[in-house]
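Computed from a prediction, not measured in an experiment: that's the story for all the values here. Naming: A, B, ... by sequence-line order, numbering from 1 per chain.
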Number of protein chains: 2
Amino acid sequence: MAKKPDNPYVVQPVMKALKVLELVARHSHEIALTAVSKELKIPKTTTFRYLQTLTAAGFLDHNRATDRYNLGPQLRSIARADASVSKVRELARPAMIGLMQEFNETVNLAVKGNGTIVYIDLVEANRSLRMQARIGDSHPMHSTALGKAILAFLPDAERQHQLDLPLTERTGRTLLEREEIERQLRQVARSGYATEMGENEDGAMCVGVPILDADGYPVAALSISAPLMRMPHSLAAKAGVRLREVAAGISATLGSHPPG
Amino acid sequence: MAKKPDNPYVVQPVMKALKVLELVARHSHEIALTAVSKELKIPKTTTFRYLQTLTAAGFLDHNRATDRYNLGPQLRSIARADASVSKVRELARPAMIGLMQEFNETVNLAVKGNGTIVYIDLVEANRSLRMQARIGDSHPMHSTALGKAILAFLPDAERQHQLDLPLTERTGRTLLEREEIERQLRQVARSGYATEMGENEDGAMCVGVPILDADGYPVAALSISAPLMRMPHSLAAKAGVRLREVAAGISATLGSHPPG
DNA sequence: AAACAAATTCCGCAAGGCGAAACGAGTGTT
DNA sequence: AACACTCGTTTCGCCTTGCGGAATTTGTTT
């Protein structure tokens, strides 16, 4: 009876719904219920339910006028985000290695999550006292140089929205006053780089800059992190300037694609 | 008990599995079973099954080494195909309108399906006797100018594979001999355009040219179709030359993106 | 080696997915 | 205008099969 007895853990409704999703996607054009049902040999009622579910989840789009389905915003959004992350990571990696060698400190790459930044790559300095992050970790925006760099270049509305979220206190130095944060962000927008001194992790500091896409939107951020003791303000400023240059190069390459 | 009683036709396992897919995708990095389970408040066993299913369908990828999951090839493939189709359609539309006005005949745009071509756009001439295709229709490759244009520029291995499939006889004039078809395709490769005279639909003809991506792969084809009586060989040749120019422009714009 | 954590397997229950059939809306045909 | 047809939607009762707690295995850390 089972059509795919390969893996006993395969959930049939899910598998069949994915086949529906795939068929719709591969059709290159909106397709109707009956056509899907016939093509996949799945009873009309069942197909109907899957299409409804996929649509409710945003993976498909239901054209009321023609009663047909095609790819939905959710899938496109996921694909776009994934492509963006891959591309940034790929473009940034060589530059990150260069920066690591230049400063002999850990270099981090992160993208914007929801109220947080998520590390998507990092190149660690070969020192015994190293920094903490792991790929996939997420930290608050307001307590990291990576987050501040992104916040400073976000469209006003979105920045306000982010700052409206509750701000967690990571260390005694974490900035929590709205006024203070906004003042710093304006400064970041002017100088082009953000610094953070023990605001996210005691004894650690970070200098970060945004990476902008063709529309000037901060899709990611690049940073150098170090123990506070190894990175005085003067060196941090120097790092900020270098980061700004490097990030500008990456942004330019990203932006060379005319927006879709 | 039901979490989303909105739509009574929503299939819960499918919906929850899609949430899992979305979470993994949004995580920007590979994620482990337990993390997904905790995040979505879905029992570990169930989450496990969904991850297995999504992986079996190719939507996720399971990293055996780290026992973590991330986006799979299927999703990327769907996204790529979709983006490609959208982009070609968008780029080609103005040119298609121009061609329609120039020749006062229907202009068609199609992509490669599996052994077939699929119409993804068309601009119809305002004449009483018009051609037949509708967006989403698919026709055999070997019996259409669109298909021949694509076949002629396919890598050898793939072209052979396509021609190995059974060739349906659409009209009395449809080419069915392997030798004859291959000879024509070589001619198409030389001249840069393909013609078809009553081989797909009695009384109708078509002139088609390929649209190539940055790698020279024929992702789509552009054609002008007309009743045989209105388009003698001499005019068809003229149309072929124009189509070649127009398609070259579209191909160039497509190719301006360095490959990912 | 023990202790822990995470992934996989097992199993019985009943939630809920399935699909035949009926219904209704829309379209085209005579 | 009435009819026939197709396609999408809804209903309903059967019973498959998905669910999740718990046990087991795997592999990682102290």
| said: Working to the nearest 0.5 angstrom, can you tell me the gap between N200(A) CG and T168(A) OG1? | reply: 8.5 Å
| field | Distance test, side-chain N/O of Y9(A) to OP1/OP2 of dT8(C), below 4.0 Å | value | no
| field | Given R170(A), R173(A), K148(A), the one that forms salt bridge (Lys or Arg N to Asp or Glu O under 4.0 Å) with E199(A) | value | K148(A)
| field | Exercise: identify the closest heavy-atom pair between M141(B) and T116(B) | value | CE-O, 3.5 Å
| query | To the nearest 0.5 Å, what is the distance between CG (L60(A)) and CG (L54(A))? | reply | 4.5 Å
| field | No-H, no-angle donor-acceptor pair, K44(B) side chain to dA6(C) base, under 3.5 Å | value | no
| For DNA chain C, the residues among residues 24-35 of chain A that have a non-hydrogen atom under 4.0 Å from it | none
| request: Report the distance from atom CE of M15(A) to atom P of dG17(C), rounded to the nearest whole Å. | output: 18 Å
| message | Checking the side chain of E196(A) only, and the main-chain atoms of G198(A) only, is there a donor and an acceptor separated by less than 3.5 Å? | response | yes
| said: Quick one, Y119(A) with H29(B), criterion ring-ring contact (aromatic ring centres under 6.0 Å, His included). Give me CA distance, side-chain angles, the key distance, then yes/no. | reply: CA-CA 9 Å; Y119(A) 292 88; H29(B) 185 64; over 10 Å; no
| message | Please list, in numerical order, the residues of residues 59-66 of chain B that have a heavy atom closer than 4.0 Å to any atom of DNA chain C. | response | none
| task | Whole angstrom is fine here: how far is it from CZ in R68(A) over to C1' in dG8(D)? | result | 12 Å
| request: Check each residue of residues 45-54 of chain A for a non-hydrogen atom within less than 4.0 Å of any atom in DNA chain C, then write out the ones that pass by number, or none. | output: T45(A), T46(A), R49(A), Y50(A)
| So how far is it from F103(B) CZ to L243(B) CG, rounded to the nearest 0.5 Å? | 6.5 Å
| said: Between H62(A) (side chain only) and R64(A) (backbone N and O only), is there a donor and an acceptor less than 3.5 Å apart? | reply: no
| query | Roughly how far, to the nearest 0.5 Å, is NZ of K16(A) from CZ of R49(A)? | reply | 10.0 Å
| request: First locate atom CG of L23(B), then atom OH of Y69(B), and finally report the distance between them rounded to the nearest 0.5 Å. | output: 13.5 Å
| query | Starting at NZ of K38(B) and ending at C1' of dA7(C), how long is that distance when rounded to a whole Å? | reply | 13 Å
| For atom CD of Q12(B) and atom P of dC19(D), their distance in whole Å | 10 Å
| said: Between T144(B) (side chain only) and P140(B) (backbone N and O only), is there a donor and an acceptor less than 3.5 Å apart? | reply: yes
